[in-house]
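Below, chains carry the letters A, B, ... as their sequence lines are ordered, and counting in each starts from 1. Everything numeric in this text was worked out from a predicted model, so none of it was measured.
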Amino acid sequence: MRALWTVFRKELLENARDRRTLFSALVFGPLLGPLLFGVMVSRIVAEDAGSARQSVSLAVVHGERAPDLLAYLTAAGARLQRAPFGERAARSAVERGRAGVVLIVPRDYPRRFEHGEPARVLLVADSADNATRGDAARAGAMLQAYASAIAQLRLQVRGVDPLIAAPVTIDSIDVASASARAVSLIGLMTYFVLFAVLMGGLYFAIDATAGERERGSLEALLMVPIARGALVGGKILATSASMAASLAICLAAFLGVLHLLPLERLGMRSDFGPLMALEFFAICVPFVPVGAALMTFVASFTRSYREAQSYVAAVLLVPTLPIAFASIYSLRASPAWMVVPSLSQHLLMTSLLESRPIGALDLVVSAASSLLLALVLFVFTQRQWRRETMLG
Amino acid sequence: MIEARGLCKRFGAIDAVREISFVAGDGRITGLLGPNGAGKSTCLRLIGGVLAPDRGEARIDGIDVGGEASAARARLGALPHAAGLYGHLTGRENIAYFGALHRIPAARIGREIDRWRERLGMADFLDRPAKSYSQGQRVKVALARALVHEPRNLVLDEPTNGLDVMAIRALRGVLAELRTEGRCILFSSHVMQEVSALCDRIVIIGGGRVLADDTPAALRVRSGTTTLEEAFLRILADGEREDEAPLGEGAA
Ligand SMILES: Nc1ncnc2c1ncn2[C@@H]1O[C@H](COP(=O)(O)OP(=O)(O)O)[C@@H](O)[C@H]1O
Ligand SMILES: [Mg+2]
């Protein structure tokens, strides 16, 4: 036990003096995710603001029958074109996607409008078409606005307070497209958290194994009368400590970034507060020794620093697989999935972000299965270190 | 005392060590002499317990390295071929780490390091990061690291490699001192002069087997040459002839 502690302290001290290791473990690893996340979210917010301002495109059939209406629509920001087809062809044109949204002014429109009778216009759109659905809704809203403006004018002309005709006014904010994106962003956030965990230990794991061999310090170390388990355990523990620090820094950075971003506009509740950050930490901590043991195990087979770098970096992809799997199959937290480390952490964090309750059993199974896998990996690593081939 | 008894080690098709037996006594410097690839490093690794022999055994002060690895290792200090240090740690920290792994109390480690600092002349670099060291400084720290737990036995694998004349001289001085303290020192080399200048006994190995095991004077007499250099070459040539005869039959 004392030997394990000695190894642990030495690994920490050595790596704390290595600028590259320190940078990757405490700066690059934990901050890359939150920063990237911040940039992506603000771009999406900017895009959404842009598309809201974007004008509606309308093809108009027989616009000459309603010049006032056209003037109003143009003033409201609609881009109008004369449709290259007649009333009858409009429907099939939209159906076949040759036109987006078509406004048809029927022959009787001018007469009915003049006589104060309900004057009908037709708006042709394909509600199954994602690209034009927003245009159709906005065009409908503009026509509604025109209709109520005319109604108010007419009431005013007849000496009635126009407000009587507006008992309720509605301001709606459309978040449909944005909240769909929010779902994939959540997956991204949990991935970044797990990525930070692994990055925190990357160079520790490499240095403790391949680095030890490349430096030529391994042979002397292996001649020291301590159990290989203590040696490997101390190294994995030091790697774990760095990973836990990286996790904490990453979550703190997410706290800051999510605080600054206008997430409500994306339909995400930005209730990622200090409490939830702590919950994230508790959920992810059991994954820390899994990553540390896995990277140490993989690095134990490599002959050089460079070789170790490429193999261990591949381990960074490990958490992506379950997350991709989870999003393809829209998995939700359930005890069965909790036995898969990294998937279980992803699902639990997602549940928290979506304000769904987490079962105590899920938490326990997630932590226990992760710790068990870490133990298995530790045993394998220790076995590898007992082999002569370790000397290389 | 270090004993090798019929040590054998194969790496795939290569017979690196074949039936090597010798005794390195206390209060003596024993040289393991042989050309590159003779099996010196493999032999020292078998003694250090980082490799397990296919057959035979190594004993340190009578303790079987394979059986009671910890007890045997505690009595052995080693300066392996690649005596690498941790570059981000100072020399002092490098030595202290190994002392702690040997479960030496911190206060005693401090005293040992101070003692070796004076004896090996490490005062002006011991507290600098090891990555800035010259080869000579590295070997000094690695030697202190091998000695921090005061082992009775010391093995060194080609310790003079890459050292300048001054450093080699200093190292010889230290090894001679360690001998007078009654320790058992076993070191390997492929340079005859090096071994002859220092050793009480020379074990010449070639092709993984012991070709001669005697005092320098007796070796000269035995091969009928005036210099050890010539004796070494003749013994190696004889060894090769012996090796080739059975091999040729096997191939035929
Ligand atoms: N780990 C190993 N794997 C395979 N072959 C090895 C290994 N170590 C040594 N050898 C081979 O064993 C022979 C003896 O090597 P070594 O003991 O290093 O010789 P020396 O130290 O005398 O130069 C050489 O042919 C070498 O290639
Ligand atoms: Mg060698």
Side-chain angles (χ1 to χ4, degrees), chain A residues 1-23 25 203-204 206-235 238 242 303-305 384-392, chain B residues 9 11 41-42 44-54 60 63 65 68-90 93-106 109 129-131 138 141-143 145-146 148-149 151 155 157:
Chain A
M1 217 45 208
R2 224 183 87 189
L4 186 140
W5 179 240
T6 304
V7 174
F8 172 75
R9 273 196 357 230
K10 173 257 164 187
E11 294 293 340
L12 279 194
L13 178 67
E14 193 191 0
N15 283 295
R17 292 202 189 136
D18 187 337
R19 251 186 245 137
R20 180 177 57 171
T21 301
L22 220 54
F23 177 79
Y203 283 109
F204 268 70
I206 293 176
D207 204 69
T209 52
E212 188 98 55
R213 190 184 279 136
E214 197 160 291
R215 257 188 251 110
S217 49
L218 185 64
E219 190 169 342
L221 185 63
L222 293 182
M223 284 198 197
V224 169
I226 64 166
R228 296 286 154 89
L231 194 57
V232 171
K235 285 171 180 291
S242 168
R303 299 263 146 255
S304 69
Y305 214 97
Q384 170 65 15
W385 275 66
R386 286 223 200 91
R387 293 196 160 162
E388 294 180 348
T389 47
M390 256 324 272
L391 269 184
Chain B
K9 186 69 183 175
F11 298 109
S41 296
T42 305
L44 295 183
R45 284 171 164 181
L46 291 168
I47 289 166
V50 285
L51 291 181
D54 299 331
I60 302 200
I63 302 169
V65 174
E68 298 164 74
S70 286
R73 282 175 186 174
R75 292 166 170 271
L76 182 73
L79 189 68
H81 191 81
L85 303 176
Y86 303 110
H88 292 288
L89 302 186
T90 65
E93 286 162 343
N94 268 285
I95 301 168
Y97 178 47
F98 275 65
L101 290 177
H102 276 286
R103 298 182 174 75
I104 313 288
I109 292 174
K131 63 182 166 205
R138 254 199 298 279
V141 171
L143 185 60
R145 180 177 74 179
V148 66
H149 58 295
V155 296
D157 194 358

Where on [X] is there a heavy atom nearer than 4.5 Å to chain A: the side chain, the backbone, both, or neither?
X	value
B:Arg103	both
B:Ala100	both
B:Lys9	side chain
B:Leu51	both

Given a strict heavy-atom distance threshold of 4.5 Å, which part of [X] is in contact with chain B: side chain, backbone, both, or neither?
X	answer
A:Leu391	side chain
A:Glu214	neither
A:Leu218	neither
A:Arg19	neither
A:Arg215	both

With rounding to the nearest 0.5 angstrom, report the [atom1] to [atom2] distance, [X] to [Y].
X	Y	atom1	atom2	answer
B:Leu101	A:Lys10	CG	NZ	9.0 Å
A:Ser242	A:Leu22	OG	CG	8.0 Å
B:Leu85	B:Tyr97	CG	OH	13.0 Å

Report yes if some heavy atom in the side chain of A:Glu11 is under 4.5 Å from a heavy atom in the side chain of A:Glu212; otherwise report no.
yes
* Close side-chain approach of B:Val155 and B:Leu79, heavy atoms under 4.5 Å -> no
(request) Return the orientation label for the B:His102 and B:His149 ring planes: parallel under 30°, perpendicular over 60°, tilted otherwise. (result) parallel
Within the supplied structure, the quantity of interest is the number of heavy atoms (other residues, nucleotides, ligands) at a distance under 6.0 Å from A:Arg387 CZ; does it exceed 12? no
Most heavy-atom pairs under 4.5 Å with chain A, out of B:Ala52, B:Ala69, B:Ala96, belong to B:Ala52
